[in-house]
Amino acid sequence: MSQRELPSSFTPDLVEALLYEKWVKAGYFTAEAKSDKPPFSIVIPPPNVTGILHIGTALDHTIQDILIRMKRMKGFNALWLPGTDHAGIATQNVVEKQLATEGLSRHDLGREEFIKRVWQWKSESSGAILKQMRRFGDSVDWTRERFTMDKGLSRAVLTIFKRLYDAELIYRAERIINWCPRCMTALSDIEVDHSDDAGELVSIRYGEGGDAIVVATTRAETMLGDTAVAVHPGDARYAHLVGKSILLPLVNREIPIIADEHVDPEFGTGAVKVTPAHDPNDFEIGQRHSLASIVVLSPEAFVTGTGTEFDGLDRFEARKAVVEALRKQGRIVAEKRPYIHAVGHCQRCETTVEPRLSKQWFVKVAPLAKAAGDAVRDGRVKIEPESLAPRYFEWVDNMHDWCISRQLWWGHQIPVWYGPNGEVVVTGPDEKAPDGYVQDPDVLDTWFSSALWPFSTLGWPGSTEDLKTFYPTSVLVTAYDILFFWVVRMMLFGLFAMDGIPPFHVIVLHGLVRDKFGKKMSRSKGNAIDPLELMDVYGADAIRFTLARGANPGADQALAEEWIAGSRNFGTKLWNATRFAIMNGATVEGELPTFDSLNAIDRWILSRLSETVKEVDQLFETYEFARACDVIYHFAWDELCDWYLELSKEAFASGTAHDSKRVLGFVLDQLLRLMHPIMPFITEELWTALTGGESIVIAEWPKSIPSHHDTDGEKLILQVQDVITEVRRFRNDQGIKSSQRIPGRFHAPKEFARYESAMRFVLRIDHPEEGLFTPSKTLELGSFKIEMDLSQAIDHVAERARLSKDLVAAKKDRETAIVKLSNEGFMAKAPDNVVIEIRERLAKTDSYIERITVQLAKLPLA
RNA sequence: GGGUGCUUAGCUCAGUGGUAGAGCGCCUCGUUUACACCGAGGAUGUCGGGGGUUCGAAACCCUCAGCGCCCA
C-alpha cells in the first residue's frame with residue numbers, strides 16, 4: 001500500500017487498454033456460479049455479429065455497466081453476460097454482398113457451402129463490437145460469452161420449439177404475410193417500417209351501366225387477382241347489386257358482389273375490390289365468404305399466372321400498364337397523384353414490402369401474451385420508468401400471431417420434418433426424424449432465439465448452477481424502441497419455458513440519443529455521432545459520463561461534442577484535484593479523526609460527502625442516472641474543488657493541516673468510488689495512486705455516515721461562503737485585481753475566529769501593519785464586518801450602482817415576504833415551518849436593507 | 001383515425017404545491033500553492049395562450065394552439 005505521484009495529465013489512450021486488461025486478467029468481472037453473495041445479473045442485449053458500437057449502444061452499455069459495477073462494489077455476485085446475435089437477414093445480406101463481388105450468388109454455393117461461408121465470415125470479421133466494448137470499459141464476464149447459434153443456444157431453440165408445438169402454440173398456415181421480394185423472405189410485422197409515400201389512387205369502374213361499381217386502389221395490378229367486390233350490408237346504394245356478379249375487366253372473370261360488415265361505407269365509393277391473396281383485410285373477407293385466393297405475383301413480385309398480357313411484368317411496371325389498359329377501355333373514373341399513404345418497407349433493405357399469401361409457421365401468441373401482460377400488471381415485473389408501461393400493454397394486449405419462418409439459410413433451421421405421405425414430425429434435441437423424411441427448408445426468425453436469451457445463455461434447458469443462481473435476471477436495460485421486438489418476446493418465452501417465472505425483475509427503458517438539436521441521427525443527414533472517433537479524442541470515461549448525465553428516465557437525449565469535451569474537462573478537474581491532494585499529503589492511512597475534533601471546514605465537507613453518497617446511491621438504485629451525475633458533478637467541482645480545497649490551502653501551506661490531510665484523503669477516496677461505475681478508467685488510475693490499493697473495481701461501495709451530518713457546520717460554512725462571495729463581488733466591481741493584496745480588519749463572531757486566516761488567504765486580505773491602518777471602506781455582511789484600506793480610491797459610482805441593485809433586490813424579497821405574512825389565508829393554512837422560514841427571510845431582508853441604506857447614505861455623491 | 005408525450009434562459013434539458021435551476025454559449029476581469037480542459041464576478045425567463053382549483057401553481061384540473069413519437 002503506497003501512494004504514487006501522478007503525471008500532470010491523464011492520457012486515456014495510453015492507460016485505458018492497460019487497465020482493462022488488468023481487470024480481465026484479475027478476474028474481477030467473472031461471476032461465481034455458486035456463491036454466498038446475493039446474485040445480481042444482467043444479460044446484454046446481444047448486438048448483431050455484423051454490428052459496431054454506435055452511440056445508442058454506448059448509452060445502453062453505460063447504464064448497464066453503472067448498475068453492474070455498483071452492485072459488484074456493494075458485494076453482490078454480479079454477472080453481466082455478453083454475447084452476440086446471429087442476425088439472420090442482416091448477416092446473410094452481408095455475406096451475399098461479399099459473394100456478389102465475386103460474381104456469385106448463394107445458390108451457386110448451395111446451402112451447406114453458403115452456411116460454411118457465413119461461419120467463416122463470422123470467425124474472421126465479426127467481433128468488432130466485442131473489441132469496442134472492451135475499449136468502452138464494459139465489465140462483462142467474458143468467460144460466459146454466448147452466440148445465438150452456439151450449440152447450447154441452438155439446443156434451447158429446438159427444445160422450446162417442440163414444447164410450443166406440443167402445446168399447440170406453434171402452427172403452420174396459409175396467411176397473408178409481409179413479403180420482401182428482394183430478401184425473398186417473409187417478415188414479421190415488426191420487421192416492416194411504415195412511411196408516408198407518394199403513390200397514386202385510381203378509381204376503376206367495374207361493370208356497365210346501372211350495374212357498374214367504382215372501386216379505388218393504390219395497387220391497381222392486384223385487380224388481376226380480385227375475386228369479389230364488397231359493400232357494406234346496410235348500404236342502400238348497392239343493395240340491389242348484392243348477390244349478383246360483375247365482370248372483372250381485363251381478366252374477364254365473373255366475380256360476386258358481396259356484403260361485409262368490414263367495409264366502410266363512408267370511405268371512397270363505399271365499394272371495395274377484394275384480393276384475398278394480396279391484402280390482409282381482403283384475406284379476412286375472403287375467409288368469411290369462402291372466396292378463392294388467386295396469387296398473381298411471383299416471389300420476386302412479377303405478375304404471374306394471370307393469363308393476361310401483364311404476366312412477366314414487375315409489379316410497378318404492371319401497375320402502370322394495368323392503369324393504361326383500363327384507361328383505354330374508359331374505366332378510369334378518377335386518378336389522384338400523388339396520393340400520400342402509408343407504405344411498408346423491409347427494415348433491412350427498404351424494399352417495398354408486398355403482402356402475399358403464403359404458407360408459414362406461426363406462434364399463437366394470445367395465451368402467452370396474456371401471461372406476459374399479467375406479469376407486469378400484478379407487479380412481478382416492473383417497468384422503469386412506469387410511464388412507459390402503457391406502451392408495453394398496448395403491444396402485449398393487441399399482439400398478432402407471430403410469423404416465425406424465414407426463407408433464409410442463415411439461422412436455426414426449423415426442426416420440422418415431412419414424411420413421404422405428408423407426415424409431420426417435430427424433432428427436439430437428440431431426436432432424429434425417420435429415414436426418408438425431409439426437413440423444412442426455412443429458418444426461424446432471429447427474434448425467436450433472442451427471445452430465449454435470458455435463460456438459454458445460462459444453460460437452459462440444462463439445469464445448471466448458473467441458471468439456478470442468475471435466473472431470473474435482475475434488470476433488463478434497453479431502449480424503448482426495442483420493447484416490442486425483443487422485450488415482449490422474452491417475456492412470452494421466459495414465462496412459458498421457466499414455469500411462469502418472468503425473465504427479469506425490472507425492465508429499465510432508456511431513450512434514444514439524438515443530435516444537439518434533438519433531431520434524429522442519420523447517416524444521410526450527416527449528423528450522426530460516432531462514439532469510436534470520440535473515444536479517440538476524449539476517452540471512454542468522457543463519453544460515458546456525458547451519456548449518463550443525459551439519461552433521464554425513458555427520455556431521449558441530445559448530444560453534442562462540446563458536452564463530451566465538458567465531461568473530459570470534469571475528469572481533468574478531478575485529476576488535478578487528486579494530484580494536488582497527493583502533493584499536499586492527503587492520505588487514507590490511519591483512522592479518520594473523531595468528527596467533533598475537526599474544524600468546521602472539514603466537518604462541512606464530510607457532511608456534504610455523506611449527503612452526496614446518500615443521494616447518489618438512491619438515485620442509482622432508482623435508475624435516475626442524469627440526476628446522480630448532476631449531484632456528483634456539483635459535489636466534486638463546486639464543493640470539493642472550488643470551496644473545500646481553496647479554504648484548506650492556507651492550512652496545507654502553513655503545515656497545520658494534519659487532520660485535514662486525512663479528511664481530504666477520505667473524501668477523495670469515497671468520491672472516486674462513487675464515480676467509478678460511471679468513469680471506470682480515470683477513477684481507477686486516481687484511486688490506486690491515492691490509496692495504493694489494488695483496484696477500485698473491487699473496492700467497497702461508499703456508505704453515508706449519519707453521524708457526519710452536521711447542520712451547524714454547514715450553516716457556518718455557508719456564511720463563510722456568503723462573506724467571501726460578497727467581498728469578491730465588491731473587489732470585482734471596484735476593478736481590484738484578485739491578486740492585489742489589501743490590508744484589512746475582520747470583526748466577526750467568535751465562532752469564525754478559527755477560519756479568519758483561511759478567509760484572508762482566499763480573499764487576499766492581509767493583517768494591517770501596526771499603526772498604519774486607515775480603513776477607507778467597510779463591508780457589512782450578516783454578523784461580519786470587514787474594514788479595508790484601499791490603496792486606490794473607491795469607484796463611488798460603481799459602488800453606488802452595486803448597492804442600489806442589492807437594495808432593489810432586497811426590497812423585492814421583503815415585499816414578497818410581507819405579502820405572504822399579511823395574507824390571512826396563508827397564516828391560517830400554511831404549515832408552521834413555511835411560516836417560520838418566511839419570517840426569518842423578512843427579518844434578514846429588513847436588516848440587510850437597513851445596512852445598505854446606511855452605506856448608500858455614507859457614499860459621497862461624486 | 002386511435003393512443004401517447006412534449007412546450008421552462010440563445011441551445012439542450014432538470015425541476016410533481018412554498019423566493020425559477022443546470023450544462024453549453026454570452027459579457028467583464030484575472031498566471032493567486034492543483035487545474036486556462038482553469039479561476040472570480042456578471043447578464044439573460046409575464047415557465048406556449050386562456051380559464052379554474054388553492055392562502056400559495058412552472059407543477060393539479062379544463063380548454064385552445066404548436067411540435068413529436070407509437071399504432072392503424
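Lettering of chains follows the sequences in order, A, B, ..., and the numbering in each one begins at 1.
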Heavy atoms under 4.0 Å is the rule here; annotate nucleotides 6-22 of chain B 5' to 3' with B where the base is hit, S where only the sugar-phosphate is, and - elsewhere.
-----SSSS---BB--S

Euclidean distance, atom [atom1] of residue [X] to atom [atom2] of [N] [Å, nearest integer]:
{"X": "A/W395", "N": "B/G3", "atom1": "CH2", "atom2": "C1'", "value": "14 Å"}
{"X": "A/N576", "N": "B/C35", "atom1": "CG", "atom2": "C1'", "value": "4 Å"}
{"X": "A/K649", "N": "B/C38", "atom1": "NZ", "atom2": "P", "value": "15 Å"}
{"X": "A/F570", "N": "B/C38", "atom1": "CZ", "atom2": "P", "value": "12 Å"}
{"X": "A/E562", "N": "B/G23", "atom1": "CD", "atom2": "C1'", "value": "11 Å"}
{"X": "A/I632", "N": "B/G23", "atom1": "CD1", "atom2": "P", "value": "16 Å"}
{"X": "A/L574", "N": "B/C38", "atom1": "CG", "atom2": "P", "value": "13 Å"}
{"X": "A/I736", "N": "B/G42", "atom1": "CD1", "atom2": "P", "value": "15 Å"}

Does any N or O donor sit under 3.5 Å from an N or O acceptor when you compare the side chain of A/R568 with the base of B/C37?
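Yes, a donor-acceptor pair under 3.5 Å.
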
Looking at [Y], does the NZ or CZ of [X] lie under 6.0 angstrom from its six-membered ring centre and within 45 degrees of the ring axis?
{"X": "A/R391", "Y": "A/Y480", "value": "yes"}
{"X": "A/R549", "Y": "A/F625", "value": "no"}
{"X": "A/R514", "Y": "A/W563", "value": "no"}

Integer angstrom distance from the [atom1] of [N] to that of [M]:
{"N": "B/C71", "M": "B/A22", "atom1": "P", "value": "38 Å"}
{"N": "B/C13", "M": "B/G17", "atom1": "P", "value": "24 Å"}
{"N": "B/U46", "M": "B/G5", "atom1": "P", "value": "28 Å"}
{"N": "B/U4", "M": "B/U8", "atom1": "P", "value": "22 Å"}
{"N": "B/C24", "M": "B/C64", "atom1": "P", "value": "41 Å"}
{"N": "B/G39", "M": "B/A34", "atom1": "C1'", "value": "12 Å"}
{"N": "B/U28", "M": "B/C47", "atom1": "P", "value": "30 Å"}
{"N": "B/A59", "M": "B/G1", "atom1": "C1'", "value": "32 Å"}

Strictly below 4.0 Å: does A/N569 bring a side-chain N or O up to OP1 or OP2 of B/C38?
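Yes, because at least one side-chain N or O of A/N569 sits under 4.0 Å from OP1 or OP2 of B/C38.
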
Selected nucleotide, minimal atom distance to [X] side chain, candidates [options]:
{"X": "A/F484", "options": "B/G39, B/C70, B/U32", "value": "B/C70"}
{"X": "A/R728", "options": "B/C38, B/G39, B/G41", "value": "B/G41"}
{"X": "A/D733", "options": "B/C70, B/G41, B/A34", "value": "B/G41"}

Residue met sooner reading RNA chain B from 5', once A/N823 and A/R729 are mapped to nucleotides
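Residue closer to the 5' terminus by nearest nucleotide: A/R729.
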
Which residue, A/K737 or A/E650, contacts RNA chain B at a nucleotide closer to its 5' end, judged by nearest heavy atom?
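Its nearest nucleotide being more 5', the pick is A/K737.
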
Identify whether any heavy atom of A/D642 sits under 4.0 Å from a base atom; if not, whether one sits that close to sugar-phosphate; answer base, sugar-phosphate or nothing.
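Sugar-phosphate: the residue A/D642, judged by heavy atoms under 4.0 Å, touches backbone atoms but no base.
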
So A/T725, base contact, sugar-phosphate only, or nothing? Heavy-atom distance under 4.0 Å.
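Sugar-phosphate only.
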
Please name the nucleotide paired to [N] by Watson-Crick or G-U wobble geometry with both distances under 3.5 Å, or report none.
{"N": "B/U19", "result": "none"}
{"N": "B/G1", "result": "B/C71"}
{"N": "B/G48", "result": "B/C64"}
{"N": "B/G56", "result": "none"}
{"N": "B/G39", "result": "B/C29"}
{"N": "B/A9", "result": "none"}

Parallel, tilted or perpendicular: rings of A/F652 and A/F580 (30°, 60°)
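Judged by the thresholds at 30° and 60°, the geometry between A/F580 and A/F652 is perpendicular.
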
Would you call the rings of A/F784 and A/F746 parallel, tilted or perpendicular, where under 30° means parallel and over 60° means perpendicular?
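The rings of A/F784 and A/F746 stand perpendicular, inter-plane angle above 60°.
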
Shortest non-hydrogen contact from A/Q670 to A/L609?
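Scanning both residues completely, I find the closest heavy atoms to be CB-CD2, 3.9 Å.
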
Audit row: A/I66, A/T62, side chain to side chain contact (heavy atoms under 4.5 Å, CB included) steps and yes/no
CA-CA 6 Å; A/I66 289 174; A/T62 298; 4.0 Å; yes

Evaluation steps, salt bridge (Lys or Arg N to Asp or Glu O under 4.0 Å), between A/E815 and A/K811:
CA-CA 6 Å; A/E815 208 43 48; A/K811 278 183 173 167; over 6 Å; no

Compute whether any side-chain donor of one residue and acceptor of the other, for A/R579 and A/N576, lie under 3.5 angstrom apart.
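Per modelled atom types, A/R579 and A/N576 side chains form a pair under 3.5 Å.
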
Please check this pair: side chain of A/N823 against backbone of A/V819, looking for a donor-acceptor N/O pair closer than 3.5 Å.
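No, the answer is negative, given that no donor and acceptor are paired below the 3.5 Å cut-off.
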
